[in-house]
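Working notes for the structure below.
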2 protein chains.
Amino acid sequence: MTITLYSLCGADAARPFSPHCWKVVMALRHKGLSFEERPLAFTVIPTVENGASKTVPVLRDGQELISDSFRIAQYLEEAYPDAPSLFGGRGGVAAARLVEGYSLHVVHSVITRILLIDIHDMLAPADQAYFRKSREERLGKSFEEMAAGRDAAIAALPAALQPLRHTLAFQSYVGGTTPLFGDYILFGALQWLRVTTGSIHLPGDDPVSLWFDRCLGLYDGAARAVA
Amino acid sequence: MTITLYSLCGADAARPFSPHCWKVVMALRHKGLSFEERPLAFTVIPTVENGASKTVPVLRDGQELISDSFRIAQYLEEAYPDAPSLFGGRGGVAAARLVEGYSLHVVHSVITRILLIDIHDMLAPADQAYFRKSREERLGKSFEEMAAGRDAAIAALPAALQPLRHTLAFQSYVGGTTPLFGDYILFGALQWLRVTTGSIHLPGDDPVSLWFDRCLGLYDGAARAVA
(Lines give C-alpha, C1' and ligand atoms only; values in the text may rest on other atoms or scores of the structure.)
Protein backbone atom coordinates (compact mmCIF):
# COMPACT_ATOMS: atom_id res chain seq x y z
CA MET A 1 0.00 0.00 0.00
CA THR A 2 1.45 3.31 -1.10
CA ILE A 3 1.26 6.46 0.96
CA THR A 4 0.68 9.57 -1.17
CA LEU A 5 1.56 13.04 0.05
CA TYR A 6 0.02 15.92 -1.88
CA SER A 7 2.32 18.91 -1.45
CA LEU A 8 2.84 22.30 -3.08
CA CYS A 9 5.03 23.51 -5.92
CA GLY A 10 5.38 26.29 -8.42
CA ALA A 11 6.09 25.86 -12.13
CA ASP A 12 8.88 23.39 -11.27
CA ALA A 13 7.50 20.27 -9.58
CA ALA A 14 11.02 19.36 -8.41
CA ARG A 15 11.05 22.27 -5.95
CA PRO A 16 8.18 21.79 -3.46
CA PHE A 17 8.37 24.66 -0.97
CA SER A 18 5.43 24.65 1.46
CA PRO A 19 6.62 24.76 5.09
CA HIS A 20 3.68 22.64 6.21
CA CYS A 21 4.36 20.01 3.56
CA TRP A 22 8.04 19.87 4.52
CA LYS A 23 7.02 19.10 8.10
CA VAL A 24 5.14 16.04 6.80
CA VAL A 25 7.93 14.96 4.43
CA MET A 26 10.32 14.93 7.38
CA ALA A 27 7.78 13.18 9.61
CA LEU A 28 7.26 10.42 7.04
CA ARG A 29 11.02 9.92 6.72
CA HIS A 30 11.35 9.95 10.53
CA LYS A 31 8.84 7.10 10.65
CA GLY A 32 10.75 5.26 7.94
CA LEU A 33 7.71 5.14 5.67
CA SER A 34 7.98 5.05 1.91
CA PHE A 35 5.70 7.49 0.15
CA GLU A 36 5.06 9.15 -3.16
CA GLU A 37 5.12 12.95 -3.05
CA ARG A 38 2.81 14.63 -5.55
CA PRO A 39 3.56 18.37 -5.64
CA LEU A 40 0.60 20.42 -6.90
CA ALA A 41 0.26 23.98 -8.12
CA PHE A 42 -2.00 26.19 -5.96
CA THR A 43 -4.87 26.11 -8.44
CA VAL A 44 -4.68 22.32 -8.87
CA ILE A 45 -5.17 21.51 -5.17
CA PRO A 46 -9.01 21.70 -5.30
CA THR A 47 -9.10 19.17 -8.16
CA VAL A 48 -7.49 16.19 -6.41
CA GLU A 49 -9.12 13.69 -4.05
CA ASN A 50 -12.54 15.07 -5.00
CA GLY A 51 -11.67 18.49 -3.64
CA ALA A 52 -11.26 17.09 -0.12
CA SER A 53 -9.10 20.00 1.03
CA LYS A 54 -8.42 23.55 -0.09
CA THR A 55 -4.89 23.34 1.29
CA VAL A 56 -1.98 20.93 1.35
CA PRO A 57 -0.49 18.84 2.86
CA VAL A 58 -3.03 16.10 2.32
CA LEU A 59 -2.01 12.53 3.09
CA ARG A 60 -3.63 9.49 1.48
CA ASP A 61 -2.82 6.28 3.36
CA GLY A 62 -5.08 3.49 2.11
CA GLN A 63 -8.61 4.40 3.21
CA GLU A 64 -7.39 7.31 5.32
CA LEU A 65 -7.30 10.84 3.96
CA ILE A 66 -5.91 13.46 6.37
CA SER A 67 -5.20 17.15 5.94
CA ASP A 68 -3.33 19.63 8.18
CA SER A 69 0.31 18.94 9.02
CA PHE A 70 -0.18 18.56 12.77
CA ARG A 71 -3.12 16.19 12.35
CA ILE A 72 -1.08 14.17 9.87
CA ALA A 73 1.78 13.90 12.38
CA GLN A 74 -0.64 12.76 15.07
CA TYR A 75 -2.13 10.22 12.64
CA LEU A 76 1.33 8.85 11.78
CA GLU A 77 2.20 8.58 15.48
CA GLU A 78 -0.95 6.57 16.17
CA ALA A 79 -0.98 4.49 12.99
CA TYR A 80 2.72 3.58 13.15
CA PRO A 81 3.44 3.24 16.89
CA ASP A 82 6.37 0.86 16.39
CA ALA A 83 8.31 3.33 14.24
CA PRO A 84 10.38 6.03 16.03
CA SER A 85 8.15 8.42 17.97
CA LEU A 86 7.56 11.88 16.50
CA PHE A 87 6.75 13.41 19.88
CA GLY A 88 8.48 11.51 22.69
CA GLY A 89 5.39 11.12 24.84
CA ARG A 90 2.18 12.99 25.64
CA GLY A 91 3.99 16.06 26.99
CA GLY A 92 5.82 16.26 23.70
CA VAL A 93 2.62 16.17 21.65
CA ALA A 94 1.11 18.94 23.75
CA ALA A 95 4.19 21.17 23.70
CA ALA A 96 4.53 20.73 19.93
CA ARG A 97 1.42 22.89 19.60
CA LEU A 98 3.33 25.73 21.26
CA VAL A 99 6.25 25.13 18.90
CA GLU A 100 3.72 25.38 16.06
CA GLY A 101 2.31 28.60 17.51
CA TYR A 102 5.79 30.08 17.84
CA SER A 103 6.70 29.05 14.30
CA LEU A 104 3.49 30.46 12.78
CA HIS A 105 3.21 33.67 14.74
CA VAL A 106 6.83 34.67 15.33
CA VAL A 107 8.97 32.98 12.64
CA HIS A 108 6.55 32.79 9.69
CA SER A 109 5.44 36.37 10.21
CA VAL A 110 9.01 37.50 9.48
CA ILE A 111 9.75 34.95 6.75
CA THR A 112 6.55 35.80 4.86
CA ARG A 113 7.82 39.35 4.41
CA ILE A 114 11.10 38.03 2.94
CA LEU A 115 9.95 35.45 0.44
CA LEU A 116 6.60 36.58 -0.93
CA ILE A 117 7.95 37.93 -4.21
CA ASP A 118 10.25 34.92 -4.60
CA ILE A 119 7.30 32.54 -4.31
CA HIS A 120 5.31 34.61 -6.79
CA ASP A 121 8.14 34.40 -9.30
CA MET A 122 8.30 30.58 -8.97
CA LEU A 123 4.65 30.13 -9.98
CA ALA A 124 2.99 29.56 -13.34
CA PRO A 125 0.90 32.53 -14.54
CA ALA A 126 -2.51 31.20 -13.41
CA ASP A 127 -1.15 30.54 -9.94
CA GLN A 128 0.55 33.94 -9.81
CA ALA A 129 -2.81 35.66 -10.20
CA TYR A 130 -4.40 33.50 -7.48
CA PHE A 131 -1.44 33.92 -5.14
CA ARG A 132 -1.21 37.70 -5.42
CA LYS A 133 -4.93 38.20 -4.87
CA SER A 134 -5.26 35.79 -1.93
CA ARG A 135 -2.13 37.03 -0.13
CA GLU A 136 -2.85 40.72 -0.63
CA GLU A 137 -6.30 40.12 0.86
CA ARG A 138 -4.92 38.09 3.76
CA LEU A 139 -2.07 40.46 4.61
CA GLY A 140 -3.85 43.71 3.80
CA LYS A 141 -0.93 45.08 1.77
CA SER A 142 0.10 45.14 -1.86
CA PHE A 143 3.04 42.98 -2.97
CA GLU A 144 4.95 46.15 -3.69
CA GLU A 145 4.47 47.39 -0.11
CA MET A 146 5.60 44.03 1.25
CA ALA A 147 8.64 43.94 -1.02
CA ALA A 148 9.72 47.29 0.42
CA GLY A 149 9.96 45.65 3.86
CA ARG A 150 12.14 42.74 2.72
CA ASP A 151 15.47 44.06 4.02
CA ALA A 152 13.93 44.97 7.38
CA ALA A 153 12.47 41.46 7.63
CA ILE A 154 15.86 39.88 6.92
CA ALA A 155 17.32 42.07 9.65
CA ALA A 156 14.55 40.97 12.05
CA LEU A 157 14.99 37.23 11.39
CA PRO A 158 17.82 36.51 13.89
CA ALA A 159 15.79 37.96 16.79
CA ALA A 160 12.70 35.97 15.79
CA LEU A 161 14.81 32.81 16.01
CA GLN A 162 16.23 33.61 19.48
CA PRO A 163 13.89 31.11 21.24
CA LEU A 164 15.24 28.33 19.00
CA ARG A 165 18.81 29.54 19.54
CA HIS A 166 18.19 29.46 23.31
CA THR A 167 17.02 25.85 23.03
CA LEU A 168 20.08 24.87 21.00
CA ALA A 169 22.35 26.16 23.78
CA PHE A 170 21.21 23.15 25.81
CA GLN A 171 20.61 20.41 23.25
CA SER A 172 21.25 19.46 19.62
CA TYR A 173 17.59 19.44 18.59
CA VAL A 174 14.24 20.79 19.77
CA GLY A 175 13.52 17.11 20.43
CA GLY A 176 16.64 16.77 22.63
CA THR A 177 19.52 14.56 21.48
CA THR A 178 17.59 13.53 18.36
CA PRO A 179 15.00 15.38 16.22
CA LEU A 180 11.27 15.20 16.85
CA PHE A 181 8.28 16.81 15.15
CA GLY A 182 9.07 20.14 16.86
CA ASP A 183 12.29 20.25 14.83
CA TYR A 184 10.41 19.56 11.62
CA ILE A 185 7.95 22.36 12.38
CA LEU A 186 10.79 24.90 12.55
CA PHE A 187 12.81 23.19 9.83
CA GLY A 188 9.81 23.56 7.54
CA ALA A 189 9.84 27.33 8.04
CA LEU A 190 13.52 27.69 7.15
CA GLN A 191 13.39 25.16 4.31
CA TRP A 192 10.54 27.24 2.84
CA LEU A 193 12.85 30.25 2.99
CA ARG A 194 15.81 28.30 1.55
CA VAL A 195 13.95 26.71 -1.39
CA THR A 196 12.23 29.94 -2.41
CA THR A 197 15.08 32.43 -1.91
CA GLY A 198 18.19 30.23 -2.07
CA SER A 199 19.32 31.16 1.44
CA ILE A 200 18.19 31.14 5.08
CA HIS A 201 19.72 34.61 5.47
CA LEU A 202 21.63 33.78 8.66
CA PRO A 203 25.38 33.70 9.37
CA GLY A 204 26.86 30.25 8.83
CA ASP A 205 28.12 30.03 12.41
CA ASP A 206 24.75 30.87 13.94
CA PRO A 207 23.65 27.88 16.07
CA VAL A 208 20.39 27.97 14.13
CA SER A 209 22.31 27.58 10.85
CA LEU A 210 24.27 24.66 12.28
CA TRP A 211 21.05 22.99 13.47
CA PHE A 212 19.40 23.61 10.09
CA ASP A 213 22.37 22.01 8.39
CA ARG A 214 22.04 18.96 10.68
CA CYS A 215 18.39 18.71 9.64
CA LEU A 216 19.31 18.98 5.94
CA GLY A 217 21.66 16.05 6.48
CA LEU A 218 18.99 13.76 7.94
CA TYR A 219 17.68 10.80 5.91
CA ASP A 220 20.59 10.77 3.46
CA GLY A 221 20.34 14.49 2.83
CA ALA A 222 16.98 14.18 1.07
CA ALA A 223 15.91 17.71 2.06
CA ARG A 224 19.26 19.16 0.92
CA ALA A 225 18.71 17.71 -2.55
CA VAL A 226 15.80 20.09 -3.12
CA ALA A 227 17.09 23.59 -3.73
CA MET B 1 13.09 16.75 55.78
CA THR B 2 12.00 20.22 54.76
CA ILE B 3 12.45 21.61 51.27
CA THR B 4 13.41 25.29 51.27
CA LEU B 5 12.86 27.52 48.26
CA TYR B 6 14.74 30.81 48.24
CA SER B 7 12.74 33.25 46.14
CA LEU B 8 12.61 37.00 45.52
CA CYS B 9 10.65 39.83 47.11
CA GLY B 10 10.67 43.57 47.56
CA ALA B 11 10.04 45.39 50.82
CA ASP B 12 6.98 43.17 51.43
CA ALA B 13 7.98 39.52 51.87
CA ALA B 14 4.35 38.48 51.32
CA ARG B 15 4.53 39.43 47.63
CA PRO B 16 7.26 37.35 45.95
CA PHE B 17 7.28 38.27 42.27
CA SER B 18 10.12 36.58 40.37
CA PRO B 19 8.84 34.73 37.29
CA HIS B 20 11.51 32.06 37.67
CA CYS B 21 10.65 31.48 41.32
CA TRP B 22 6.94 31.20 40.50
CA LYS B 23 7.78 28.43 38.03
CA VAL B 24 9.37 26.49 40.89
CA VAL B 25 6.56 27.23 43.38
CA MET B 26 4.08 25.77 40.88
CA ALA B 27 6.37 22.81 40.14
CA LEU B 28 6.69 21.97 43.84
CA ARG B 29 2.89 22.12 44.26
CA HIS B 30 2.46 20.02 41.10
CA LYS B 31 4.67 17.38 42.70
CA GLY B 32 2.66 17.61 45.93
CA LEU B 33 5.75 18.49 47.94
CA SER B 34 5.60 20.60 51.11
CA PHE B 35 8.17 23.35 51.22
CA GLU B 36 9.10 26.53 53.00
CA GLU B 37 9.42 29.59 50.75
CA ARG B 38 11.96 32.15 51.93
CA PRO B 39 11.59 35.33 49.84
CA LEU B 40 14.77 37.41 49.78
CA ALA B 41 15.51 40.97 48.76
CA PHE B 42 17.91 41.30 45.80
CA THR B 43 20.85 42.37 47.97
CA VAL B 44 20.28 39.54 50.49
CA ILE B 45 20.57 36.73 47.92
CA PRO B 46 24.40 36.58 48.03
CA THR B 47 24.35 36.13 51.83
CA VAL B 48 22.38 32.86 52.04
CA GLU B 49 23.67 29.30 51.57
CA ASN B 50 27.25 30.64 51.66
CA GLY B 51 26.66 32.72 48.57
CA ALA B 52 26.02 29.63 46.47
CA SER B 53 24.12 31.57 43.82
CA LYS B 54 23.83 35.17 42.71
CA THR B 55 20.27 34.57 41.58
CA VAL B 56 17.12 32.87 42.82
CA PRO B 57 15.39 30.45 42.71
CA VAL B 58 17.65 28.27 44.80
CA LEU B 59 16.25 25.01 46.17
CA ARG B 60 17.61 23.28 49.27
CA ASP B 61 16.41 19.67 49.55
CA GLY B 62 18.44 17.88 52.22
CA GLN B 63 21.98 17.64 50.88
CA GLU B 64 20.99 18.93 47.47
CA LEU B 65 21.32 22.60 46.57
CA ILE B 66 20.11 23.51 43.07
CA SER B 67 19.80 26.84 41.30
CA ASP B 68 18.10 27.79 38.00
CA SER B 69 14.40 27.10 37.58
CA PHE B 70 14.73 24.61 34.72
CA ARG B 71 17.43 22.61 36.51
CA ILE B 72 15.27 22.57 39.64
CA ALA B 73 12.31 21.23 37.64
CA GLN B 74 14.52 18.52 36.15
CA TYR B 75 15.82 17.68 39.63
CA LEU B 76 12.28 17.38 41.01
CA GLU B 77 11.27 15.16 38.10
CA GLU B 78 14.17 12.80 38.78
CA ALA B 79 14.09 12.91 42.59
CA TYR B 80 10.31 12.44 42.84
CA PRO B 81 9.45 10.12 39.96
CA ASP B 82 6.31 8.76 41.62
CA ALA B 83 4.69 12.19 41.93
CA PRO B 84 2.85 13.58 38.86
CA SER B 85 5.25 14.22 35.97
CA LEU B 86 6.24 17.81 35.21
CA PHE B 87 7.09 17.05 31.60
CA GLY B 88 5.08 14.07 30.32
CA GLY B 89 8.05 12.22 28.86
CA ARG B 90 11.40 12.99 27.24
CA GLY B 91 9.87 14.89 24.33
CA GLY B 92 8.18 17.13 26.86
CA VAL B 93 11.43 17.89 28.69
CA ALA B 94 13.14 18.80 25.44
CA ALA B 95 10.30 20.96 24.11
CA ALA B 96 10.03 22.79 27.46
CA ARG B 97 13.35 24.42 26.58
CA LEU B 98 11.70 25.99 23.55
CA VAL B 99 8.80 27.14 25.73
CA GLU B 100 11.44 28.69 28.01
CA GLY B 101 13.11 30.37 25.04
CA TYR B 102 9.79 31.73 23.80
CA SER B 103 8.89 33.00 27.27
CA LEU B 104 12.27 34.68 27.82
CA HIS B 105 12.81 36.17 24.39
CA VAL B 106 9.29 37.01 23.23
CA VAL B 107 7.09 37.37 26.32
CA HIS B 108 9.57 38.66 28.93
CA SER B 109 11.02 41.17 26.52
CA VAL B 110 7.60 42.86 26.34
CA ILE B 111 6.69 42.41 30.02
CA THR B 112 10.02 43.86 31.18
CA ARG B 113 9.13 47.14 29.49
CA ILE B 114 5.79 47.23 31.35
CA LEU B 115 6.75 46.43 34.92
CA LEU B 116 10.23 47.80 35.50
CA ILE B 117 9.15 50.91 37.38
CA ASP B 118 6.56 48.91 39.34
CA ILE B 119 9.24 46.51 40.55
CA HIS B 120 11.52 49.39 41.45
CA ASP B 121 8.77 50.94 43.56
CA MET B 122 8.22 47.67 45.48
CA LEU B 123 11.84 47.49 46.63
CA ALA B 124 13.54 48.78 49.79
CA PRO B 125 15.98 51.66 49.12
CA ALA B 126 19.19 49.58 49.07
CA ASP B 127 17.63 47.20 46.53
CA GLN B 128 16.30 50.07 44.44
CA ALA B 129 19.83 51.35 43.88
CA TYR B 130 21.10 47.86 42.94
CA PHE B 131 18.12 47.17 40.68
CA ARG B 132 18.29 50.44 38.75
CA LYS B 133 22.01 50.16 38.13
CA SER B 134 22.00 46.49 37.10
CA ARG B 135 18.95 46.79 34.83
CA GLU B 136 20.06 50.00 33.16
CA GLU B 137 23.38 48.31 32.37
CA ARG B 138 21.68 45.14 31.11
CA LEU B 139 19.07 46.89 28.96
CA GLY B 140 21.21 49.81 27.83
CA LYS B 141 18.52 52.40 28.63
CA SER B 142 17.61 54.61 31.57
CA PHE B 143 14.52 53.78 33.62
CA GLU B 144 12.95 56.97 32.36
CA GLU B 145 13.44 55.91 28.72
CA MET B 146 11.94 52.52 29.47
CA ALA B 147 8.96 54.03 31.30
CA ALA B 148 8.17 56.07 28.19
CA GLY B 149 7.65 52.80 26.30
CA ARG B 150 5.22 51.30 28.83
CA ASP B 151 2.00 51.98 26.90
CA ALA B 152 3.51 50.66 23.68
CA ALA B 153 4.61 47.50 25.51
CA ILE B 154 1.09 46.96 26.90
CA ALA B 155 -0.22 47.33 23.35
CA ALA B 156 2.35 44.78 22.10
CA LEU B 157 1.56 42.15 24.74
CA PRO B 158 -1.41 40.44 23.02
CA ALA B 159 0.66 39.77 19.87
CA ALA B 160 3.57 38.39 21.92
CA LEU B 161 1.14 35.90 23.45
CA GLN B 162 -0.29 34.73 20.11
CA PRO B 163 1.73 31.45 20.16
CA LEU B 164 0.18 30.59 23.55
CA ARG B 165 -3.27 31.62 22.30
CA HIS B 166 -2.79 29.36 19.27
CA THR B 167 -1.97 26.44 21.60
CA LEU B 168 -5.05 27.11 23.74
CA ALA B 169 -7.27 26.82 20.65
CA PHE B 170 -6.50 23.08 20.73
CA GLN B 171 -6.10 22.24 24.40
CA SER B 172 -6.71 23.60 27.91
CA TYR B 173 -3.04 23.79 28.88
CA VAL B 174 0.38 23.89 27.24
CA GLY B 175 0.69 20.45 28.84
CA GLY B 176 -2.49 19.22 27.13
CA THR B 177 -5.54 18.37 29.24
CA THR B 178 -3.64 19.12 32.45
CA PRO B 179 -0.81 21.58 33.21
CA LEU B 180 2.86 20.69 32.92
CA PHE B 181 6.06 22.69 33.48
CA GLY B 182 5.55 24.51 30.16
CA ASP B 183 2.43 26.07 31.67
CA TYR B 184 4.34 27.13 34.76
CA ILE B 185 7.04 28.75 32.61
CA LEU B 186 4.48 31.02 30.94
CA PHE B 187 2.36 31.36 34.09
CA GLY B 188 5.46 32.69 35.86
CA ALA B 189 5.79 35.46 33.30
CA LEU B 190 2.20 36.64 33.70
CA GLN B 191 2.16 36.18 37.49
CA TRP B 192 5.26 38.41 37.59
CA LEU B 193 3.26 41.02 35.68
CA ARG B 194 0.17 40.55 37.89
CA VAL B 195 1.96 40.74 41.25
CA THR B 196 4.04 43.79 40.32
CA THR B 197 1.43 45.84 38.41
CA GLY B 198 -1.89 44.45 39.71
CA SER B 199 -3.02 43.31 36.24
CA ILE B 200 -2.02 41.11 33.31
CA HIS B 201 -3.22 43.87 30.96
CA LEU B 202 -5.30 41.57 28.75
CA PRO B 203 -9.06 41.47 28.10
CA GLY B 204 -10.86 39.13 30.49
CA ASP B 205 -12.25 37.02 27.63
CA ASP B 206 -8.85 36.49 25.98
CA PRO B 207 -8.14 32.72 25.96
CA VAL B 208 -4.81 33.58 27.61
CA SER B 209 -6.67 35.32 30.47
CA LEU B 210 -8.95 32.31 30.89
CA TRP B 211 -5.96 29.96 30.97
CA PHE B 212 -4.14 32.23 33.44
CA ASP B 213 -7.21 32.18 35.66
CA ARG B 214 -7.26 28.37 35.52
CA CYS B 215 -3.62 28.39 36.63
CA LEU B 216 -4.37 30.81 39.49
CA GLY B 217 -7.03 28.36 40.64
CA LEU B 218 -4.66 25.37 40.82
CA TYR B 219 -3.61 23.98 44.21
CA ASP B 220 -6.41 25.66 46.17
CA GLY B 221 -5.76 29.02 44.57
CA ALA B 222 -2.40 29.43 46.28
CA ALA B 223 -1.02 31.64 43.50
CA ARG B 224 -4.15 33.81 43.50
CA ALA B 225 -3.64 34.55 47.21
CA VAL B 226 -0.48 36.52 46.40
CA ALA B 227 -1.40 39.88 44.88
Side-chain angles (χ1 to χ4, degrees), chain A residues 30 68-71 73-74 77 84-110 156 158-187 189 207-208 211, chain B residues 30 68-71 73-74 77 84-110 156 158-187 189 207-208 211:
Chain A
H30 183 102
D68 179 88
S69 61
F70 204 100
R71 287 182 56 232
Q74 289 178 301
E77 188 75 346
S85 173
L86 282 164
F87 294 105
R90 72 170 182 87
V93 177
R97 277 292 187 192
L98 194 93
V99 180
E100 181 182 69
Y102 159 62
S103 188
L104 286 175
H105 295 287
V106 179
V107 182
H108 279 220
S109 62
V110 174
L161 291 166
Q162 188 56 33
L164 174 56
R165 201 173 291 113
H166 169 88
T167 305
L168 298 170
F170 297 95
Q171 55 207 40
S172 298
Y173 293 98
V174 177
T177 53
T178 57
L180 292 174
F181 192 61
D183 291 276
Y184 305 145
I185 290 172
L186 289 161
F187 172 79
V208 173
W211 161 86
Chain B
H30 183 102
D68 180 86
S69 60
F70 203 100
R71 287 182 55 234
Q74 289 178 301
E77 188 76 345
S85 172
L86 282 164
F87 295 104
R90 73 171 181 85
V93 177
R97 278 295 187 191
L98 193 92
V99 180
E100 181 181 69
Y102 160 61
S103 188
L104 285 175
H105 295 287
V106 179
V107 182
H108 279 220
S109 62
V110 174
L161 292 166
Q162 188 57 30
L164 174 56
R165 201 173 292 112
H166 169 88
T167 305
L168 297 170
F170 297 96
Q171 54 206 41
S172 298
Y173 292 97
V174 177
T177 53
T178 57
L180 292 174
F181 192 62
D183 291 275
Y184 306 145
I185 289 172
L186 289 161
F187 172 80
V208 173
W211 161 85

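Below, chain A is the first sequence line, B the second, and so on; all start at residue 1. The basis for the numbers below is simple: all heavy atoms, side chains too, and nothing from hydrogens, waters or symmetry mates.
With a 4.5 angstrom heavy-atom cutoff, A/L86 does not touch chain B via any of its atoms. Heavy-atom distances place both the backbone and the side chain of A/L98 under 4.5 Å from chain B. If you measure heavy-atom distances from A/Q171 to chain B, the contacts under 4.5 Å come from the side chain alone. Interface residue A/V99: backbone and side-chain heavy atoms are both found under 4.5 Å from chain B. Contacts between A/S172 and chain B at a heavy-atom distance below 4.5 Å are absent for every atom of the residue.
In this pair, B/Y102 and A/Y102 present their aromatic rings tilted. The plane angle is within the 30 to 60° band. By the 30° and 60° cut-offs, the orientation of the rings of B/F70 relative to B/F87 is tilted.
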Next item on the list: Apply the test side-chain hydrogen bond (donor to acceptor under 3.5 Å, both in side chains) to residues A/S85 and A/E77: give CA-CA distance (whole Å), side-chain angles for both, the deciding distance (0.1 Å), then the verdict.
Entry: CA-CA 6 Å; A/S85 173; A/E77 188 75 346; 2.5 Å; yes
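Looking at residues two or more places apart in sequence or on another chain, you find a side-chain contact (heavy atoms from CB on, under 4.5 Å) between B/P158 and B/R165, B/L202.
Note on A/P163, A/G182, A/G175: by heavy-atom pairs under 4.5 Å with chain B, the leading option is A/P163.
A/E100 places no side-chain N or O within 3.5 Å of a backbone atom of A/I185 that could act as its donor or acceptor partner.
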